[in-house]
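Throughout, protein chains are lettered first and strands after them, A, B, ... in sequence-line order, and every chain is numbered starting at 1.
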Number of protein chains: 2
Amino acid sequence: MSDKSTRAHIVEAADQLFYQQGFEHTSFAHIAEVVKISRGNFYYHFKTKDEILDAVIYLRLSKTQIMLDKWLIEGGTPVERIRCFINILILNREKIKHFGCPVGTLTSELAKLKHAAQKDATKLFSLFRFWLKSQFQLLGHMKNADELAMHLLARSQGVATMACAFNDEKFIKQEVTQLYEWLDHYVDSAT
Amino acid sequence: MSDKSTRAHIVEAADQLFYQQGFEHTSFAHIAEVVKISRGNFYYHFKTKDEILDAVIYLRLSKTQIMLDKWLIEGGTPVERIRCFINILILNREKIKHFGCPVGTLTSELAKLKHAAQKDATKLFSLFRFWLKSQFQLLGHMKNADELAMHLLARSQGVATMACAFNDEKFIKQEVTQLYEWLDHYVDSAT
DNA sequence: AGCACTTTAGGACAAACGTCCTATTTTGTC
DNA sequence: GACAAAATAGGACGTTTGTCCTAAAGTGCT
């Protein structure tokens, strides 16, 4: 009836492989090996590799949006919500240690390839950016909400990059503690 | 007499291309095109692509060491020296906007490729790390000098990643200003 | 000028890549 | 059970990749 299952498997496998090996280094053959379908069968689901990339980005965008929506409920206050964001570093520290941040590394790779999909990959950042911005606005930081959002995003990216370079999970925890303190400081100055 | 000239040209061209296009995406053919030598001639200077990568990393290590040594003289005080480091973001903002940080992006790429040279690439970070650490120690921060050095490195990496993602030079200047203020804070607390 | 050594050009080579075609199998519907 | 559509398998294709070989050109020394 439907190819949803196979197609979804392909996209999810590609998602993981693009993260762990990079987009360009991941081949059709490698994805096929994971999904356990023949290489030739790809053409039925995706005409080009770029189409898979688009699907992967779309998948990540969807998953991210769902996560952000969930945080709006789970985190009672804006501060608690922003803490949810910071906490990704802790939750994913094992993978980050090995492969960095999935968003940051993909964006960087596509930038170097001058790939058309880089714009879409950046939308992943934008999703976090505007979500964080609105949370900082709720904290009373109307003028510099975007600045704070970008700052927090940058801090997270830096932590991921360094933790990956030095294979250092402890550094992640160290910096997360500082980020919590930084956040608390911006709460006090708002009230 | 010597192949220094040609060899140096190859390494320098590879250095630029690895930065702007990534290591894996850069082919022998592309380097040859830039250096204007035949593809086959590579084998005389470098047996494998990995040897070129090693040479590029060694070149970057050398250049970095020279730069750090220079800063020790130019920057009179430890604070002025650390400012030299922060100022790279401003000096290289145009390239960072397009390709990110050469150290961070290379390290990330090699990590995903599980490439043996990743360890050497990380040495580039170590060079900065220990140099910054000693400067913070001179500022009186004996216990957390390394922590501060890593923090500053991470901040810089984050700025580069986000500036590249959003093609935003203004964000670099914004964050550099904050980094200067952050640094000043750590000067005051030392005296 | 002659000779040994260095450097280069050009191409061969197998392997891997993304892409694409076609025959076959599976699936849902009547 | 018959039949159209969806899904898959297997392989062909032209390129490009890193690697490697060999003949030729350049270079320095006697």
Side-chain angles (χ1 to χ4, degrees), chain A residues 1-58 106 109-110 112-118 120-121, chain B residues 1-58 106 109-110 112-118 120-121:
Chain A
M1 173 181 50
S2 96
D3 59 334
K4 262 189 183 175
S5 179
T6 301
R7 195 193 140 96
H9 283 155
I10 293 174
V11 177
E12 272 165 30
D15 183 24
Q16 296 298 314
L17 289 171
F18 288 175
Y19 174 37
Q20 299 181 4
Q21 308 191 341
F23 165 68
E24 199 171 31
H25 189 248
T26 301
S27 67
F28 278 69
H30 208 144
I31 301 173
E33 194 181 350
V34 173
V35 186
K36 294 193 198 314
I37 61 169
S38 71
R39 278 168 294 118
N41 191 21
F42 267 98
Y43 194 66
Y44 176 77
H45 299 280
F46 299 96
K47 300 297 175 195
T48 65
K49 196 180 176 185
D50 289 351
E51 277 187 23
I52 301 183
L53 177 59
D54 290 339
V56 166
I57 293 175
Y58 180 79
L106 178 65
E109 183 181 358
L110 296 182
K112 300 208 184 216
L113 300 180
K114 295 190 190 303
H115 198 289
Q118 198 238 354
D120 289 324
Chain B
M1 173 183 44
S2 96
D3 58 335
K4 261 189 183 175
S5 179
T6 301
R7 194 193 140 95
H9 283 154
I10 292 174
V11 177
E12 274 166 28
D15 183 24
Q16 296 299 314
L17 289 171
F18 287 175
Y19 175 37
Q20 299 181 5
Q21 308 190 340
F23 165 68
E24 199 172 31
H25 188 247
T26 301
S27 67
F28 278 69
H30 207 145
I31 302 173
E33 192 181 353
V34 172
V35 186
K36 293 194 198 315
I37 62 169
S38 71
R39 276 168 296 119
N41 190 22
F42 267 99
Y43 194 66
Y44 176 76
H45 298 281
F46 300 96
K47 300 297 175 196
T48 65
K49 196 181 176 185
D50 289 350
E51 278 187 22
I52 301 184
L53 177 59
D54 289 340
V56 166
I57 292 174
Y58 181 79
L106 179 65
E109 183 181 358
L110 296 182
K112 299 206 186 218
L113 300 181
K114 296 190 188 300
H115 198 289
Q118 198 237 355
D120 289 324

Item to check | Side chain of I37(B) - closest among dC20(C), dA9(C), dA9(D) | outcome: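 Nearest listed nucleotide: dA9(C).
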Using the side chain to side chain contact (heavy atoms under 4.5 Å, CB included) criterion, which residues pair with [X]? Sequence neighbours excluded.
X: Q118(A); answer: T107(A), L110(A), A111(A), T122(A)
X: E33(B); answer: H30(B)
X: A29(A); answer: S27(A), R39(A)

Item to check | Contacts of Q16(B) that satisfy side chain to side chain donor-acceptor pair (under 3.5 Å) - sequence neighbours left out | outcome: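 By the side chain to side chain donor-acceptor pair (under 3.5 Å) rule, Q16(B) matches K95(B).
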Item to check | Contacts of type side chain to side chain donor-acceptor pair (under 3.5 Å), residue D120(A), not counting sequence neighbours | outcome: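 Partners of D120(A) under the side chain to side chain donor-acceptor pair (under 3.5 Å) test: K123(A).
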Checklist entry - Got a sec, which residues hit ring pair (Phe, Tyr, Trp, His ring centres under 6.0 Å) with F46(B), two or more places apart in sequence or on another chain? => result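 Scan of F46(B) (ring pair (Phe, Tyr, Trp, His ring centres under 6.0 Å), adjacent residues dropped) gives none.
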Item to check | Results of ring pair (Phe, Tyr, Trp, His ring centres under 6.0 Å) for F18(A) - residues two or more places apart only | outcome: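 F23(A).
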Checklist entry - Does anything in residues 13-22 of chain A reach DNA chain C, meaning a heavy atom under 4.0 Å, and if so which residues? => result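 Within this stretch, nothing sits under 4.0 Å of the strand.
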Item to check | Euclidean distance, atom CZ of residue F42(B) to atom C1' of dT17(D) [Å, nearest integer] | outcome: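 In whole Å, dT17(D) C1' and F42(B) CZ are 13 Å from each other.
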N/O-N/O pairs, protein side and nucleotides 10-12 of chain C side, under 3.5 Å:
| residue | atom | partner | partner atom | Å |
| --- | --- | --- | --- | --- |
| dG10(C) | O6 | G40(B) | O | 3.4 |

Could you run down the sub-3.5 Å N/O contacts of the protein with nucleotides 13-17 of chain C?
| residue | atom | partner | partner atom | Å |
| --- | --- | --- | --- | --- |
| dC17(C) | OP1 | S27(A) | OG | 3.4 |

Item to check | Of all pairs that satisfy salt bridge (Lys or Arg N to Asp or Glu O under 4.0 Å), the ones with a partner from residues 47-57 of chain B, not counting sequence neighbours | outcome: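 The answer is none; no pair qualifies.
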Checklist entry - Does any pair with a residue in residues 10-26 of chain A pass salt bridge (Lys or Arg N to Asp or Glu O under 4.0 Å), and if so which ones, sequence neighbours excluded? => result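 Residue pairs passing salt bridge (Lys or Arg N to Asp or Glu O under 4.0 Å), neighbours aside: D15(A)-R60(A).
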